[in-house]
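Just below is one structure, and these are the notes that go with it.
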Amino acid sequence: MDTQFLANFLLVVDTGSFAEAARRLDLTSAAIAQQMRTLERELNVKLLARSGRTVRPTEAGYRLVERSRDLLQDLVDLKMHVNAEPSVGELRLGTINTALHSIVPDMMALFATRYPQVNVTIRFDTSMALYRSVQAGELDAAVCLHPPFALTKNFAWEQLREEPLVVLVPMCWSSRDAHELLRNEPLIRYDRTLGGGRQADRYLRRHDIVPRERFELNSLVAIAMMVERCLGVSLIPDTASPLTASLNVARIALPDEAEKRRFGIIWPRSSARLHIVEGLIAAADEVMKAIKTSETRPAAHHPLPRAR
């Protein structure tokens, strides 16, 4: 039996919908339905029944729910290396690309001084892929965007930073109006398959701004470098990456309120490596406090100069 199918079965039960479960997993409803049919064939029993627009477990389905949560957690625990000493072992961390290029290096530097005997494996991916990996027990924690849905009680979330949208421009354009720049200069668009890119797209649509698109890419560092070369402007989350500290660019605040991108750390509450994960969170909190302190200093110390 594919344990991921079993985990997805629980999500269907929790949400009452193939479509909602598919949305949270970034899959199609047809793919989820096929997985559920595969489970039913393997167990030789009907697990789900439709009730209007929702689905609910059959009696056999309820019996499977009763055992599955503990079973999946036991399987996660089996994958983990158990140590008598909590400061020794392994940590599997996921991160989104922008966090990897901003807070993660400092976070890991602090963590490594406190947990020198913990071996950390880091991989980066999209937030949606990281949610799935944490759910499946493939990662112990992930630095990612807040999910667009309510987390179940099995997972915990620690918010690290809120990032408003700003218009990133070459320094020589820093005195111009934000909306005027978005309407008249070429746009270097942040990838619309990512959370921040979708937020930027919604802002443009809400204000009837039809930009002249030049590029679309998923690296905020690369976008900043292209802006510096006067290839256009960009509407992006206000990040704090040291990789852009020396670039001759400016950030212009938007005249209207916009969504803020929230990112933080997600982890399973019942993790066998909870002590190590808590140490990671403590290191992340200290790094974020240092970043907030640095952002209150004069503009010369900001990762990107602020335009007024």
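Just so it is clear, the model here is predicted, and its values are computed rather than measured.
Heavy-atom contacts from other residues, nucleotides or ligands closer than 6.0 Å to CE of Met225 number 12 or fewer. Around atom CG of Asp256, more than 12 heavy atoms belonging to other residues, nucleotides or ligands sit under 6.0 Å away. Heavy atoms from other residues, nucleotides or ligands lying under 6.0 Å from CD of Glu213 number more than 12.
Of the inter-residue distances, the one linking Leu10 atom CG with Gln135 atom CD reads 8.5 Å to the nearest 0.5 angstrom. Atom CE of Met107 and atom OG of Ser102 lie 9.0 Å apart (nearest 0.5 Å). Atom CG of Asp208 and atom CZ of Arg205 lie 10.5 Å apart (nearest 0.5 Å). Here the CD1 atom belonging to Ile103 is positioned 5.0 Å from the CG atom belonging to Leu160, to the nearest 0.5 angstrom. Atom CG of Asp201 sits about 8.5 Å away from atom CD of Glu216, to the nearest 0.5 Å. The CD1 atom of Ile96 sits 11.5 Å away from the CG atom of Asn218 when rounded to the nearest 0.5 Å.
Using modelled atom types, no side-chain atom of Arg212 and backbone atom of Arg183 make a donor-acceptor pair closer than 3.5 Å. Between the Ser51 side chain and the Thr54 main chain, no donor and acceptor come within less than 3.5 Å of each other. A side-chain donor-acceptor contact under 3.5 Å links Ser234 to the backbone of Ile188. Listed for the Thr28 side chain is a donor-acceptor partner under 3.5 Å among the backbone atoms of Ala31. Between the side chain of Thr113 and the backbone N or O of Leu110, at least one donor-acceptor pair lies under 3.5 Å.
At a threshold of 4.5 Å between side-chain heavy atoms, the hydrophobic network of Ile, Leu, Val, Met, Phe, Trp and Tyr places Leu43 and Leu48 in one connected group. Ile122 and Ile276 fall within the same hydrophobic cluster, where Ile, Leu, Val, Met, Phe, Trp and Tyr residues are linked whenever their side-chain heavy atoms come under 4.5 Å apart, directly or through other members. Both Phe263 and Leu151 sit in one connected hydrophobic cluster of ILVMFWY residues. Membership requires side-chain heavy atoms under 4.5 Å apart, directly or through other members. In the hydrophobic clustering of ILVMFWY residues, with side-chain heavy atoms under 4.5 Å counting as a link, Val12 and Tyr62 come out apart.
Residues Phe18 and Arg50 come closest through the heavy atom pair CD1-NH2, 3.7 Å. Scanning both residues, Leu165 and Gly196, for their nearest heavy atoms gives CD2-O, 4.3 Å. Shown here for Leu11 and Ala21, the closest heavy-atom pair between the two residues is CD2-O, 3.9 Å. Ala224 and Val249 get closest at one heavy-atom pair: O-CG1, 3.9 Å. Nearest heavy atom pair, residue Val55 against residue Ser17, reads CG2-N, 3.9 Å. Residues Tyr203 and Glu257 share a closest heavy-atom pair of CE1-O, 4.1 Å.
Between Leu93 and the options Val143, Val277, Asp140, a side chain to side chain contact (heavy atoms under 4.5 Å, CB included) holds for only Val143. When the options Val169, Leu187, Asp177, Ile252 are evaluated for a side chain to side chain contact (heavy atoms under 4.5 Å, CB included) with Leu182, the one that passes is Leu187.
When only modelled atom types and interatomic distance are considered, Ser133 and Arg92 share no side-chain donor-acceptor pair under 3.5 Å. In this model, a donor atom of one side chain and an acceptor atom of the other lie less than 3.5 Å apart for Arg261 and Thr98. Residues Asn119 and Glu90 have side chains that never bring a donor and an acceptor to within less than 3.5 angstrom of each other. Between the side chains of Gln34 and Arg37, at least one donor N or O sits under 3.5 Å from an acceptor N or O.
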Legend entry - Verdict with reasoning, Phe155 to Arg269, per side chain to side chain contact (heavy atoms under 4.5 Å, CB included): CA-CA 5 Å; Phe155 298 94; Arg269 293 183 185 276; 5.7 Å; no
Legend entry - CA sep, side-chain torsions, deciding dist, call: Glu20, Arg23, salt bridge (Lys or Arg N to Asp or Glu O under 4.0 Å): CA-CA 5 Å; Glu20 178 60 19; Arg23 186 183 73 83; 2.9 Å; yes
Legend entry - Derivation of the side chain to side chain contact (heavy atoms under 4.5 Å, CB included) call for Ile266 and Cys144: CA-CA 7 Å; Ile266 185 174; Cys144 56; 3.7 Å; yes
Inset, instruction - Evaluate the criterion side chain to side chain contact (heavy atoms under 4.5 Å, CB included) for residue pair Glu158 and Trp267; output intermediate values, then yes/no. - result: CA-CA 9 Å; Glu158 171 90 0; Trp267 70 96; 3.8 Å; yes
Inset, instruction - Apply the test side chain to side chain contact (heavy atoms under 4.5 Å, CB included) to residues Leu64 and Leu6: give CA-CA distance (whole Å), side-chain angles for both, the deciding distance (0.1 Å), then the verdict. - result: CA-CA 9 Å; Leu64 182 61; Leu6 190 58; 4.0 Å; yes
Legend entry - Residues Phe124, His101; criterion ring-ring contact (aromatic ring centres under 6.0 Å, His included); working and verdict: CA-CA 11 Å; Phe124 77 89; His101 292 155; 7.5 Å; no
Inset, instruction - Just do the salt bridge (Lys or Arg N to Asp or Glu O under 4.0 Å) check on Glu286 and Arg114 with the steps written out, would you? - result: CA-CA 13 Å; Glu286 291 190 37; Arg114 297 173 179 174; 2.6 Å; yes
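Using a 4.5 Å heavy-atom threshold, the side chains of Leu235 and Leu254 count as touching. Ile209 places a side-chain heavy atom less than 4.5 Å from the side chain of His179. Between Val227 and Val233, every side-chain heavy-atom pair lies at or beyond the 4.5 Å cut-off. Residues Phe149 and Thr15 have side chains not in contact (no heavy-atom distance under 4.5 Å, counting atoms from C-beta outward). Taking 4.5 Å as the limit, every side-chain heavy atom of Arg198 sits out of range of all side-chain heavy atoms of Tyr190. Taking the side chain as every heavy atom from C-beta outward, Gln159 and Ile265 never approach each other to under 4.5 Å. In this structure, the side chains of Arg189 and Pro211 come closer than 4.5 Å at one or more pairs of heavy atoms. Phe9 places a side-chain heavy atom less than 4.5 Å from the side chain of Val65.
Take Glu180 and apply the salt bridge (charged side-chain N to carboxylate O under 4.0 Å, His left out) test, not counting sequence neighbours, and it matches Arg176.
Salt bridge Lys289/Asp285: absent, no basic N to carboxylate O contact under 4.0 Å. We find that Asp14 and Arg69 are joined by a salt bridge, their nearest charged nitrogen and carboxylate oxygen being less than 4.0 Å apart. For Lys260 and Asp238, the salt-bridge test fails: no basic side-chain N is under 4.0 Å from an acidic carboxylate O.
Applying the salt bridge (charged side-chain N to carboxylate O under 4.0 Å, His left out) rule to pairs touching residues 38-47 yields nothing, sequence neighbours excluded.
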